[in-house]
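Every number for a ligand or one of its atoms is a count from 1 in the order of the listing.
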Amino acid sequence: MTGKLITLEGIDGSGKSTITKSLKHYFKGKPNVVFTREPTREWTGEAVNRAINEETDHLAELFLFVADHANHLSKTIRPGIADNKTVISDRYSDSRYAYQGATLKGIIEQPLEWVMELHKGWTVVPDLTILFDVSPEIAVSRVGTRDYQTKFEKISFLEQVRSNYLKLVDMQPERFIVVNAEQPYSKVEQAVFKAVKDNMA
Ligand code: TMP
């Protein structure tokens, strides 16, 4: 027997964090389920957060995310799976493929594929990835941006990220469950809980 890795993905404002909270609440005290996230709470994750919050070179930012991922694998993901646990990660490698696949446009050719290639041979591929799919307009209205210029830029960036996520689903449909995150909360929650329960170790 071996554990399972389930990852939760989506653009900012997809409602992923709210559902993660209710999953955590539901599985509280269950020793066979481990919750984790990227960026991690380790110092490597703090370095990532610093890179995000300051204007950082996009390649430097990518490599910080990748370093944090390597640390995450050895500290949490591999030990959890080896211990037959169900590891649920709020964001994981697909965030890199989708987000850095957008930020590295014009810097690297075919950035999504290039970032995927960079992970090959050492990452752990999830057993299941739940994609919270929502239109960037709705997502941005949820997160709230009053500044119109910022709002417009954010929407067009998230459009690229969303289209990268959907490209990943096309590439590996067997790994993904796409949940329509524009539905009422209870419907989204129901779909996510079912997907998690059906795929646990
Ligand atoms: P968070 O809001 O889930 O804490 O994630 C922080 C931001 O970092 C969010 O906008 C998504 C982005 N991100 C990347 O660009 N690449 C990655 O590899 C990860 C894990 C997150």
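Without hydrogens or angle criteria, N180 side chain to E182 main chain gives a donor-acceptor distance under 3.5 Å. Panel note: side chain R37, backbone S89; no donor-acceptor pair is recorded below 3.5 Å. No donor-acceptor pair under 3.5 Å is formed between the side chain of T123 and the backbone N or O of H119.
Residue-level contacts of ligand 1 at the 4.0 Å heavy-atom threshold are D12, R37, E38, P39, I52, F65, R91, S95, R96, Y99, Q100.
Y99 and D12 share a donor-acceptor pair across their side chains, judged by distance under 3.5 Å alone. Counting only N and O atoms by type, the side chains of T103 and E61 include no donor and acceptor under 3.5 Å apart.
Shown are T40, T44, T36; of these, the side chain to side chain donor-acceptor pair (under 3.5 Å) with H72 is made only by T36.
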